[in-house]
Amino acid sequence: MNTGKIGKVYLVGAGPGDPKLITIRGLEALKRSDVVVFDRLAGPQLLNHARQDAERIYVGKLPDRHTMKQEEINQLLVDLALQGKSVARLKGGDPTVFGRVGEEAELLRQNGVEYEIIPGITSAISVPAYAGIPVTHRDLASSFSVITGHESPDKLDLSIHWDKVTNATGTLVFLMGVAKIGYISEQLVKHGRSPQTPVALVQWGTRAEQRTLVGTLGDIEAKVSEANFKPPAVIVVGDVVGQRETLSWVERKPLFGQRVLVTRARSQASELVAKLDDLGAETYEYPVIETRLPDAAGNVQAIREALAQADVYDWVILTSVNGVEYFFRWLESEAVDIRRFHRAKFAAVGPKTAQELAQRGIRADLLPESYQAEGLADKLDGLVIRGQKALLPRGNLARELLPKKLRELGVEAIEIDVYETALSAPKDMWIAEMLEKKQIHVITFTSSSTVVNLLEALKLNGIDDPVAALQGIEIVCIGPVTAETAEKRGIQVTVVPQHATIDGMVEALAERRRIMRGE
Ligand code: SAH
């Protein structure tokens with residue numbers, strides 16, 4: 001749509017890969033743009049912050065397509081802006097450091113398109129930092145240079161004055177240099193650096209694949225080829241490399257190197273994601289369920305009738321955080337005051353559900369020791385009295401165990417499906433590839449429906465045999481019921497915590513990693 005208004009282009013530094021290493025200004029630009037133009041170095045997870053309706057244009061390499069030429073990208077930005085769109089162009093690291101931002105900006109200027117250059121954290125310093133290498137140090141290096149290595153081995157860069165570069169600063173940082181590591185070390189030694197000078201290569205810094213190789217100018221080329229070390233990597237040359245021995249920190253985190261696929265609904269994933277993140281995992285959110293209000297007329301009618309007689313219930317039994325949230329949404333939309341439940345005791349299945357109630361000013365009267373329907377059923381046995389009435393606001397997929405048990409005890413159990421759980425199968429351009437390349441190390445399932453839906457969603461993303469695709473991946477299930485659903489479908493479950501909670505899951509996974517690492 002051409003409104004006659006010219007759009008604006010934000011040339012945004014996305015940082016080195018860890019999606020949290022973007023600036024607030026960059027994030028704001030990303031959040032409000034109509035179009036996001038991105039490539040592989042500018043982390044896929046960042047796209048979650050784009051507007052849902054924003055157009056996403058990938059300009060990076062694909063198996064069946066070459067990387068878009070720089071000139072084509074420049075023109076694309078101009079065209080989009082001339083269509084009146086605001087555009088966030090995400091660039092790895094900082095856009096001004098070997099980012100060709102000059103060319104993009106120049107063409108925008110020529111076409112009268114307004115732009116902003118939003119700096120980012122360059123890989124030149126952040127990637128070494130994640131490997132425990134500070135580029136300067138009070139005693140070891142008081143200056144540093146950032147130099148391009150030009151990945152292609154045949155293109156020996158004549159613009160680098162090795163005689164000057166070699167000794168101009170303490171630390172030398174090379175980007176795009178892996179393929180030419182031999183040539184680079186040779187030049188540095190030739191111009192006066194000792195072959196004993198420490199060198200580190202840090203590959204995929206700040207991501208789950210981060211890997212560091214340390215050597216000296218004398219032996220690094222051999223080490224690189226022996227380890228079959230591949231780009232992208234940052235090369236650091238100088239005494240600061242030795243700092244790594246004392247300063248390395250990322251590798252010490254219990255879940256370092258683990259990319260975890262979180263299948264929960266996005267609105268519910270944040271706690272799990274934050275905890276995994278804290279322990280050093282890289283999380284990849286792929287929500288396969290979404291919850292929504294039920295729309296079947298019969299359903300809505302049943303809810304209305306059940307709420308209209310709020311004062312008859314002896315029990316209100318809540319078995320999930322969602323159940324609480326949607327229950328209160330219904331109270332609001334049906335204009336029912338919570339005080340009309342004055343006769344009822346409130347029971348919660350677990351601490352999270354109880355907390356959700358507490359946030360609304362209701363302290364649960366009952367909380368089982370094991371956070372499952374079974375535990376709650378046991379607890380209710382002996383407390384309920386024949387002839388009592390219980391309201392069970394829940395999701396359409398809730399288990400039958402509790403109402404059945406209540407009925408056995410002579411209680412009138414009224415179930416209302418206050419929300420529905422639906423399959424969500426987001427199109428994801430990376431998920432199939434990541435699974436195939438074994439770049440997903442862990443998958444978390446927090447309910448049976450996440451298991452069933454993931455398999456379905458993967459099929460919809462072109463994976464014919466999803467169960468096979470999950471082989472070899474750590475499968476973490478929140479509790480035995482979820483685990484059983486997974487096992488029934490042929491998925492081998494490797495971690496089930498003692499307590500069916502998010503904390504329990506994360507701890508059990510960390511414990512398993514400790515054992516696997518032999519700690
Ligand atoms: N503008 C970017 C650099 C672009 S050049 C920045 O400021 O970081 C691309 C090179 O950056 C790669 O060849 C590699 O040397 C380096 N690089 C970028 N991200 C990296 C990462 N996460 N880990 C290792 N090297 C990275």
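One-based numbering, in listed order, for ligands and for the atoms of each.
Here Thr148 has no heavy atoms under 4.0 Å from ligand 1, in either its backbone or its side chain. Both the backbone and the side chain of Val234 come within 4.0 Å of ligand 1, judged by heavy-atom distances.
Pairs engaging residues 96-105 under the salt bridge (Lys or Arg N to Asp or Glu O under 4.0 Å) rule: Arg89-Glu104, Lys91-Glu104, Arg100-Glu103 [sequence neighbours left out].
By the 4.0 Å heavy-atom criterion, Ala233 is counted among the residues contacting ligand 1. The closest approach between a heavy atom of Val127 and any atom of ligand 1 is below 4.0 Å. Distances from ligand 1 to the non-hydrogen atoms of Gly17 include no value under 4.0 Å.
Counting the atoms of ligand 1 from 1 in the order shown, those under 4.0 Å from a heavy atom of Thr122 are 6 (C), 7 (O), 8 (O). Contact atoms of ligand 1 toward Pro16: 21 (C), 22 (N) (distance under 4.0 Å to a heavy atom of the residue). Near Gly205, meaning under 4.0 Å from one of its heavy atoms, ligand 1 places the atoms 21 (C), 22 (N), 23 (N), 24 (C). Every atom of ligand 1 is numbered from 1 in the order shown, and the set under 4.0 Å from a heavy atom of Leu175 is 3 (C), 15 (O). In summary, the atoms of ligand 1 found under 4.0 Å from a heavy atom of Ser123, numbered by their order in the structure, are 6 (C), 7 (O), 8 (O), 11 (O), 16 (C), 17 (N), 18 (C), 19 (N), 20 (C), 26 (C). Those atoms of ligand 1 that come under 4.0 Å of a heavy atom in Trp204, given as number and element, are 22 (N), 23 (N), 24 (C). Taking every non-hydrogen atom of Val202 and a distance limit under 4.0 Å, the qualifying atoms of ligand 1 come out as 24 (C).
For the residue pair Gln70/Asn74, the side-chain donor-acceptor check at 3.5 Å is satisfied. Side chain to side chain, Lys437 and Gln439 fail the donor-acceptor criterion of an N or O pair below 3.5 Å. Looking only at atom types and distance, the side chain of Thr216 has no donor-acceptor partner in the side chain of Gln196 under 3.5 Å away. There is no side-chain donor-acceptor pair under 3.5 Å between Asp503 and Thr501.
Contact check for Tyr130 versus Val234: no side-chain heavy atoms found under the 4.5 Å cut-off. Here the side chains of Thr446 and Met505 are in contact, with some heavy-atom distance below 4.5 Å.
Electrostatic pairing of Glu271 and Arg264 does not count as a salt bridge here, judged by no charged N lying under 4.0 Å from a carboxylate O. Salt-bridge formation is detected for the pair Asp34/Arg51: a Lys NZ or Arg NE/NH1/NH2 atom is positioned less than 4.0 Å from an Asp or Glu carboxylate oxygen.
Under the salt bridge (Lys or Arg N to Asp or Glu O under 4.0 Å) criterion, Arg259 pairs with Glu209, Glu282, sequence neighbours left out.
Residue-to-ligand polar distances place Asp94 within reach of ligand 1: an N/O pair is separated by less than 3.5 Å. When only interatomic distances are considered, the shortest N/O to N/O separation between Met176 and ligand 1 falls below 3.5 Å. Checked by distance only, ligand 1 and Gly92 come closer than 3.5 Å through their nitrogen or oxygen atoms.
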